[in-house]
Amino acid sequence: MREVERDGMGTGGNDALSLSYEEWRGRMAEWGEPGFRADQICGWLYGRKVFNYHEMSNLSKSLRERLSGSLLMPLPVLIREQESRDGTRKYLWQMTDGERVESVLLNHGGHTTACISSQVGCPLACTFCATGSLGFTRNLTPGEILGQFLMMERRRLDAGAEQGINNIVFMGMGEPLLNADSVFGSIRMLNHPKMRGLGARHITISTSGVAQGIVDLADFEIPIRLSVSLHAPNDALRSRLMPINRSCPLSRLVEALHIYRRRTGERVTIEYALIDGINDDPQLAYEMAALLDGLEPYVNLIPFNPIPMKPELHRSPEPRVKAFCTALSELRIEFEVRRERGADIMAACGQLAGSLPGPAK
Ligand code: SAH
Ligand code: SF4
């Protein structure tokens, strides 16, 4: 496994939301405080979603003052919240340096899933993705990643919801495996029983196919779920749609997926957005089956979501989707057609673009 600092992110140590549990314990020990103070603070932050040290009423006044004087709480600031006809909510956040990202909260059968961003923009420039057209600005810190989740959860609870958020998916802006240290760090905090305690099976990373990142993930100590955005089963087409394929071709990606499957025993979900006349020929389903032979993939067919910067790309019409599904059934590949959510507020897959045309400074 690539060297990922297990006890935190080494972010300079003054960002409260980027501190791991072990770092909280260490900080309390340094300050001559008993270890359970770390549990109390994490309980406020991750349990009750209280971010103001002065409201942490079971801490001494001197500790609260010391915390306020030394540990920043760089929560994302909510700039805009939109609600879709189907109940999906999209949030635009501003980070302390003025950069903006979006997150989405989806409801399905009484459960909620937070779709969060891992980078400001994305360097991978997939031709069909709004985020990809922004270019890359910077990675988010673990605290900025967690901050999106915690702020959404707090808003939800403040609005009277009985439960917190049930699932998190790294399917917002950015490529999580190109910011793996921060993403893995934030997952450790989400999962830690003294922090948010979110189960590993409720956490999913989606990657455009960063092969080394997939191999690293196979050794990650928390057995989260993995989705891979395939969108094309041969190098010629995939390189046209997803420039990452030029440096990391399908042979490397598939090799990494075999390693992942062998080491974890997990099935991988394959994401495939059907774009009219581009990648929806049923013949491609046969190519996909051959490519993924032995991996027992679960295929998620995504209706392509139109984006303003690519008006020439359209969603596959229903008969084409059906023909593709028929081919997958004949091939005995398990699949589902993902229901489109939040498209009326540009909150569906691939539509996130922060504060287009650029971040507010
Ligand atoms: N960078 C990661 C995660 C963010 S994108 C990745 O690429 O996997 C989340 C999902 O939305 C990916 O499967 C991506 O391929 C898909 N996507 C991007 N643009 C889309 C669009 N216009 N319509 C449908 N899905 C899209
Ligand atoms: Fe980046 Fe994913 Fe969009 Fe590709 S699909 S540009 S990897 S966010």
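As the structure lists them, so they are numbered: ligands from 1, and atoms in each ligand from 1.
Figure legend: Arg27 and Trp24 shown without cation-pi pairing, the cationic atom not lying both under 6.0 angstrom from the six-membered ring centre and within 45 degrees of its axis.
Paired with Asp158 under the rule salt bridge (Lys or Arg N to Asp or Glu O under 4.0 Å), one option of Arg155, Arg154, Arg156 passes, and it is Arg154. Screening Leu313, Ile278, Asn279, Asp276 for a side chain to side chain contact (heavy atoms under 4.5 Å, CB included) involving Phe304 leaves a single residue, Leu313. Between Val228 and the options Leu295, Thr269, Leu253, Val254, a side chain to side chain contact (heavy atoms under 4.5 Å, CB included) holds for only Leu253. A ring-ring contact (aromatic ring centres under 6.0 Å, His included) with Tyr272 holds for exactly one of Tyr298, Phe128, Phe324; it is Phe324.
Side-chain contact of Glu330 with Tyr286: a donor-acceptor pair under 3.5 Å is present, judged by distance alone. No side-chain donor-acceptor contact under 3.5 Å links Glu175 and Asn179. Side chains of His111 and Asn166: no donor on one and acceptor on the other come within 3.5 Å. Side-chain contact of Thr88 with Glu83: a donor-acceptor pair under 3.5 Å is absent, judged by distance alone.
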Applying salt bridge (charged side-chain N to carboxylate O under 4.0 Å, His left out), run through Arg315 and Glu340 and close with a yes or a no. CA-CA 11 Å; Arg315 175 174 297 182; Glu340 171 198 270; 2.3 Å; yes

Pair Thr204, Ile168 - check side chain to side chain contact (heavy atoms under 4.5 Å, CB included), show working. CA-CA 6 Å; Thr204 301; Ile168 186 167; over 6 Å; no

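Within the protein, the number of N, O or S atoms lying under 2.8 Å from atom 1 (Fe) of ligand 2 is 1.
Annotation: Gly174 places an N or O atom under 3.5 Å from an N or O atom of ligand 1; distance criterion only. The shortest N or O to N or O distance between Gly172 and ligand 1 is not under 3.5 Å.
Atoms of ligand 1 lying under 4.0 Å from any heavy atom of Thr207, numbered from 1 in the order shown and given with element: 6 (C), 8 (O). Every atom of ligand 1 is numbered from 1 in the order shown, and the set under 4.0 Å from a heavy atom of Cys129 is 18 (C), 19 (N).
Contact annotation: for Glu271 versus ligand 1, heavy atoms closer than 4.0 Å belong to the side chain alone. Residue contacts with ligand 1, taken as heavy atom pairs separated by less than 4.0 Å, do not involve Met173 at all. Contacts between Val228 and ligand 1, counted as non-hydrogen atom pairs separated by less than 4.0 Å, are absent for every part of the residue.
The salt bridge (Lys or Arg N to Asp or Glu O under 4.0 Å) contacts involving residues 29-45 comprise Arg25-Asp39, Glu33-Arg37, Asp39-Lys194, where partners must be two or more places apart or lie in separate chains.
In this structure, Lys310 does not count as a contact residue of ligand 1, since none of its heavy atoms falls inside 4.0 Å of the ligand.
A salt bridge does not link Glu99 to Arg138: none of the charged nitrogens lies less than 4.0 Å from a carboxylate oxygen.
Proximity annotation for atom 8 (O) of ligand 1: of Ser229, Ala343, Gly350, Ala348, Ser229 comes nearest, heavy atoms only.
Looking at atom 2 (C) of ligand 1, its nearest protein heavy atom turns out to be Ser206 O, 3.4 Å. Atom 11 (O) of ligand 1 has its closest protein heavy atom at Cys349 CB, 3.5 Å. Of the protein's non-hydrogen atoms, Asn305 N, 2.9 Å is the one closest to atom 23 (N) of ligand 1. Looking only at heavy atoms of the protein, atom 15 (O) of ligand 1 is closest to His231 NE2, 2.5 Å. Met171 O, 3.5 Å is the protein heavy atom nearest to atom 9 (C) of ligand 1.
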